[in-house]
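Just so we're on the same page: letters track the sequence lines, and every chain starts at 1.
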Number of protein chains: 2
Amino acid sequence: MLMQGKNAFENAELATAGTRGQSLSSIFHGCATETITASQAICWEGDQAKYLFQVVEGVVRLHRIIGEGRRVITAFHFAGDVIGASLLEDFSFTAEGVTDCKIRRVSRKCFQEEVTRCDNLRPAYIGLLCRENAAAHDQMVLLSKKSAEERLCSFILNLALRPGSQCQGLLRVPMNRLDIADYLGLTIETISRTITKLAARKVLAAEGRHDLRIISMDKLARLTGSADDFSAKTCHRGSIH
Amino acid sequence: MLMQGKNAFENAELATAGTRGQSLSSIFHGCATETITASQAICWEGDQAKYLFQVVEGVVRLHRIIGEGRRVITAFHFAGDVIGASLLEDFSFTAEGVTDCKIRRVSRKCFQEEVTRCDNLRPAYIGLLCRENAAAHDQMVLLSKKSAEERLCSFILNLALRPGSQCQGLLRVPMNRLDIADYLGLTIETISRTITKLAARKVLAAEGRHDLRIISMDKLARLTGSADDFSAKTCHRGSIH
DNA sequence: CGCCGACTTGAAGTCGCTCAAGAGCGGTGG
DNA sequence: CCACCGCTCTTGAGCGACTTCAAGTCGGCG
């Protein structure tokens with residue numbers, strides 16, 4: 001799993017702590033870490049949302065099932081991310097490890113008490129909810145109007161723009177083709193074909209199943225179909241100052 | 001514009017006031033109402049989000065534009081709804097009247113001060129953010145995995161389940177075909193064809209451009225592709241107690 | 001009555017899906 | 001060490017749902 005996870009976590013800690021008031025991570029500090037293996041469930045759609053989780057290491061996917069066998073992945077969560085902040089009663093998703101993971105858990109009650117008690121945690125909490133909302137809206141736009149190529153490029157660009165995601169120019173893609181397909185509203189075949197096409201056009205190169213070498217960040221950004229995706233997203237993480 | 005708007009607004013007032021603590025409507029109470037004509041803009045994507053709005057009467061659409069001419073409607077807002085609660089810096093959408101509207105406006109600063117000052121407004125605010133998130137996720141699922149027919153049925157069912165939406169068995173659909181298409185990630189032609197098909201199957205009947213008679217709520221619910229859409233959504237509004 | 005915009009209907013085209021076969025890779029066991 | 005297996009991923013061919021383009025229809029309003 002490399003040491004990427006731990007580093008990313010510490011990055012996230014520093015980043016959120018620096019922005020507005022205190023970091024939500026402090027709520028999880030005392031908690032023991034639990035170990036989750038790849039594709040093990042953390043919680044189930046429909047269950048009462050008694051807990052919130054924080055990813056310490058690894059990657060988690062959230063999904064919903066509709067009808068028979070239609071799975072939609074609504075989000076991936078990385079080291080430092082909090083899962084379940086925007087829930088009222090029940091889990092609206094099943095959470096599973098994409099990779100082996102370490103997570104922490106607090107009860108919803110405890111979380112809410114902390115947020116109520118500490119005035120300076122509240123902006124962080126509200127901020128988290130707002131950012132989740134913004135991400136959901138971006139995803140709606142992607143699913144509503146973008147072509148397969150634009151979707152994949154948007155996804156890869158977002159991955160690449162996470163701090164610490166690249167190691168010697170190599171982008172780690174922890175999720176498999178099916179995960180990507182279910183996240184982007186496509187099929188594994190389309191994902192595969194589109195990667196092949198992008199490789200042929202020298203936008204990127206696949207190195208094994210879980211690594212991409214991005215040859216031209218510029219081309220990639222121009223292919224996202226978001227007009228100004230590159231600048232917008234680059235600013236996104238830094239602009240909260 | 002019928003008097004439906006006013007009634008719906010009062011319904012919404014009562015409903016939110018009853019749930020958790022105070023209603024966010026109280027923040028808008030003193031403000032003068034502004035009049036917006038159909039398709040007039042209330043705010044623009046990219047502008048600094050200085051204000052929040054509350055719809056008093058009529059229907060508002062939120063949209064984003066990507067590339068040249070691709071419009072995505074991310075939400076419709078009805079009487080009682082608050083617009084802009086989940087924003088941090090800038091408007092991430094353009095808001096326009098679907099119909100002639102009456103709205104109220106408060107500055108973000110004022111809104112935030114009120115929420116900070118009144119402890120019993122905070123649950124309402126958090127609740128709003130969470131419900132927006134849940135709605136966005138439902139829409140992601142719709143856009144990701146549902147067929148044209150399932151999308152349209154989901155949309156119509158959601159409209160029909162708003163309290164006070166039906167008048168003598170007739171469902172008012174204030175938005176035109178293009179609005180519906182851009183909301184569901186389809187084209188006007190597909191919307192039109194699908195309505196025709198549903199009418200042929202005696203699920204519903206179109207009566208003019210802006211009214212639908214739902215012949216079988218059961219059939220409609222079964223066609224949404226959400227497994228348990230009907231029960232889930234029916235509970236949705238009442239279950240917060 | 002005639003015009004205009006919104007909607008409907010039809011025919012052809014396309015993008016992504018489905019089905020099916022084959023390739024690559026990692027693990028296991030002889 | 002190689003043979004084998006299972007799984008994921010890739011590639012190909014055909015198909016289908018929705019789009020695009022193009023008429024035609026409806027309904028409201030001057």
ask   = Atom CG of B/L152 to atom C1' of C/dC7: distance rounded to whole Å?
value = 14 Å
inquiry  = I'd like to know if A/D138 and A/K146 make a salt bridge, using a cut-off of under 4.0 Å between side-chain N and carboxylate O.
reply    = no
inquiry  = Taking side-chain contact (heavy atoms from CB on, under 4.5 Å) as the definition, give me every residue that meets it alongside A/C31, ordered by chain and number, with sequence neighbours left out.
reply    = A/R104, A/V106
ask   = Can you give one letter per nucleotide of nucleotides 17-30 of chain D, going 5' to 3': B for a protein heavy atom under 4.0 Å from the base, S for sugar-phosphate only, - for none?
value = -SBBB----B----
inquiry  = Tell me the interatomic distance from B/K145, atom NZ, to C/dG16, atom P, rounded to whole angstroms.
reply    = 15 Å
request  = Starting from C1' on C/dT8, measure out to CD1 on B/I188 and report it in whole angstrom.
outcome  = 10 Å
task = Output all residues satisfying salt bridge (Lys or Arg N to Asp or Glu O under 4.0 Å) with B/R61, sequence neighbours left out; order by chain, then residue number.
result = B/E96, B/D179
key: Atom pair distance, as rounded to whole Å: CD1 in A/I180 and P in D/dT8   = 14 Å
remark   = The side-chain contact (heavy atoms from CB on, under 4.5 Å) partners of B/Y51 (sequence neighbours excluded) come to B/F53, B/R105, B/S107
task = Measure the distance from CE on B/M175 to C1' on C/dA6 and round it to the nearest whole Å.
result = 16 Å
remark   = Residue set satisfying ring-ring contact (aromatic ring centres under 6.0 Å, His included) with B/F78, at least two apart, ordered chain then number -> none
For residues 193-209 of chain B, which side-chain donor-acceptor pairs fall under 3.5 Å, sequence neighbours excluded?
from   : atom 1 : to     : atom 2 : distance (Å)
B/T194 : OG1    : B/T190 : O      : 2.6
B/T196 : OG1    : B/S192 : O      : 2.9
B/R201 : NH2    : B/E149 : OE1    : 2.2
B/R201 : NH2    : B/E149 : OE2    : 2.9
B/E207 : OE1    : B/R213 : NH2    : 3.4
B/E207 : OE2    : B/R213 : NE     : 2.8

query = In whole angstrom, what separates B/L198's CG from C/dC7's P?
reply = 17 Å
task = Give the rounded distance in Å between these two atoms: CG of A/N176 and C1' of C/dC25.
result = 15 Å
query = Expressed in angstrom and rounded to an integer, what is the separation of A/H210 atom NE2 from D/dC7 atom P?
reply = 15 Å
